[in-house]
Amino acid sequence: MPEEPSPFHALRARPDEVDALLDSWLRRFCAVRERELRRTVLVESMQNVDDTSLLAILDRIDHRAALGEADCRWLSTELAITPGALTDLPYDRLADLYALARDTGVPALARRFLGSQPRAAGPAEGNPHQDLSPGERAAAARGTDRFLLDRLLFDRDPRVIAVLLDNPRLVERDAVRIAAQRPTNAAILGHLIGHRRWGHRYRVRKAVASNPSTAPALARQLLPGLLKQDLRELLESHTILGDLKTDIERL
């Protein structure tokens with residue numbers, strides 16, 4: 001007798017049923033404007049379904065996003081850049097989800113639950129262009145001196161950068177310069193991609209995805225949102241480690 005499909009594959013074979021669950025997520029998600037509330041909606045939505053349904057929904061998000069559905073592309077990106085949305089689930093459940101996702105034979109699902117350690121060690125905290133204490137640099141990051149702000153763009157202390165990103169005098173090219181710094185601290189890149197003003201900017205997301213110091217789990221979530229020509233550019237840049245090249249080639 002033929003082997004019965006797993007619960008995941010059985011549910012995956014009923015896309016209308018999964019779409020009904022996903023569409024309920026989308027209605028709630030799209031109705032919320034504030035990022036912190038969107039994060040709450042995502043966490044609650046994931047907590048309110050069983051593991052098999054959650055994996056089927058994540059799989060369906062990827063499928064519909066790849067077909068160009070705008071709301072699913074937005075939701076997929078938000079799952080990547082909203083701090084803690086996925087990892088807010090209990091650790092035991094995350095471990096179970098990873099094991100279940102690994103057994104589905106759908107690599108993209110398992111990759112969502114891989115660890116978030118940085119790909120490369122970041123530099124020591126400090127600022128090669130400004131001989132001030134961290135507290136003094138954080139105070140300066142709130143200021144109006146453009147010359148000083150330009151020097152603080154190279155700061156390696158996540159606390160200083162977190163303050164600087166809130167400065168209304170920063171423009172998009174400043175955020176891109178922070179995202180493109182090499183070497184840098186993975187926590188800085190996390191602050192940047194989770195920022196309410198800068199996290200949705202395409203050039204910022206591209207720069208973070210391209211940075212060797214970005215945590216692999218974050219990079220994997222950002223890659224599907226990049227344009228094909230930018231993915232090709234990444235492959236040709238030789239800055240992406242081997243474990244992510246497979247993801248880029250698949251996309």
Side-chain angles (χ1 to χ4, degrees), residues 5-116 190-191 193-201 205 208-209 215-226 247 251:
S6 68
F8 167 79
H9 287 285
L11 183 55
R12 196 187 197 200
R14 305 192 299 272
D16 290 347
E17 186 174 332
V18 183
D19 280 339
L21 295 170
L22 173 53
D23 289 341
S24 70
W25 282 28
L26 289 171
R27 283 192 295 272
R28 293 187 63 203
F29 176 77
C30 294
V32 176
R33 298 183 63 85
E34 296 182 17
R35 164 167 285 183
E36 186 58 30
L37 290 179
R38 288 201 301 267
R39 174 183 176 278
T40 300
V41 166
L42 287 175
V43 173
E44 288 180 350
S45 298
M46 290 187 287
Q47 289 174 337
N48 290 333
V49 294
D50 59 81
D51 290 356
T52 298
S53 298
L54 176 53
L55 291 183
I57 291 170
L58 293 175
D59 177 64
R60 197 66 182 159
I61 290 171
D62 289 343
H63 175 76
R64 287 169 56 172
L67 293 177
E69 189 172 326
D71 286 346
C72 284
R73 288 178 65 90
W74 182 24
L75 180 55
S76 179
T77 299
E78 199 68 22
L79 280 168
I81 67 178
T82 300
L86 193 59
T87 54
D88 257 13
L89 296 175
Y91 177 80
D92 288 347
R93 190 181 184 197
L94 284 175
D96 290 342
L97 283 165
Y98 172 70
L100 183 60
R102 184 188 55 204
D103 293 341
T104 64
V106 183
L109 282 178
R111 282 192 287 267
R112 283 187 178 273
F113 301 96
L114 291 177
S116 58
H191 279 310
I193 211 66
H195 195 273
R196 63 186 183 279
R197 182 180 175 194
W198 306 116
H200 285 286
R201 306 291 180 99
R205 288 189 280 122
V208 171
L218 175 56
R220 285 187 177 94
Q221 297 301 318
L222 293 174
L223 290 174
L226 299 186
D247 297 74
L251 291 165

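Just the heavy atoms: all of them, side chains too, but no hydrogens, waters or symmetry mates, feed the values below.
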| request: For S53, enumerate each residue passing the side chain to side chain donor-acceptor pair (under 3.5 Å) test, keeping only those at least two apart in sequence or located in another chain. | output: D50
| Among all residues two or more places apart in sequence or in another chain, which pass the side chain to side chain donor-acceptor pair (under 3.5 Å) test with D16? | none
| Within the side chain of R14, is there an N or O that forms a donor-acceptor pair under 3.5 Å with the backbone of A10? |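 The answer is yes, because a donor-acceptor pair under 3.5 Å joins these two groups.
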May I ask you to test the [X]-[Y] pair for a side-chain heavy-atom distance under 4.5 Å?
X: L109; Y: L97; result: no
X: T104; Y: R12; result: no
X: R201; Y: R197; result: yes
X: L21; Y: E17; result: no
X: L22; Y: C72; result: yes

With rounding to the nearest 0.5 angstrom, report the [atom1] to [atom2] distance, [X] to [Y].
X: L42; Y: R28; atom1: CG; atom2: CZ; value: 9.0 Å
X: D19; Y: I61; atom1: CG; atom2: CD1; value: 10.5 Å
X: M46; Y: I57; atom1: CE; atom2: CD1; value: 10.0 Å
X: L55; Y: L100; atom1: CG; atom2: CG; value: 5.0 Å

| Contact list for residues 89-98, test salt bridge (charged side-chain N to carboxylate O under 4.0 Å, His left out), sequence neighbours left out |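 Matches after skipping sequence neighbours: D51-R93.
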Kindly write out the residues that satisfy side chain to side chain contact (heavy atoms under 4.5 Å, CB included) with [X], not counting sequence neighbours, or none if the list is empty.
X: D103; answer: none
X: A99; answer: R102
X: T40; answer: E44
X: A56; answer: F8, L11, V18

| field | Pairs satisfying side-chain hydrogen bond (donor to acceptor under 3.5 Å, both in side chains), at least one member in residues 65-75, at least two apart | value | R64-E69
| said: If I compare all heavy atoms of L223 with all of A209, which pair ends up nearest, and what's the gap? | reply: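 Shortest heavy-atom separation between L223 and A209 comes out as CD2-CB, 4.4 Å.
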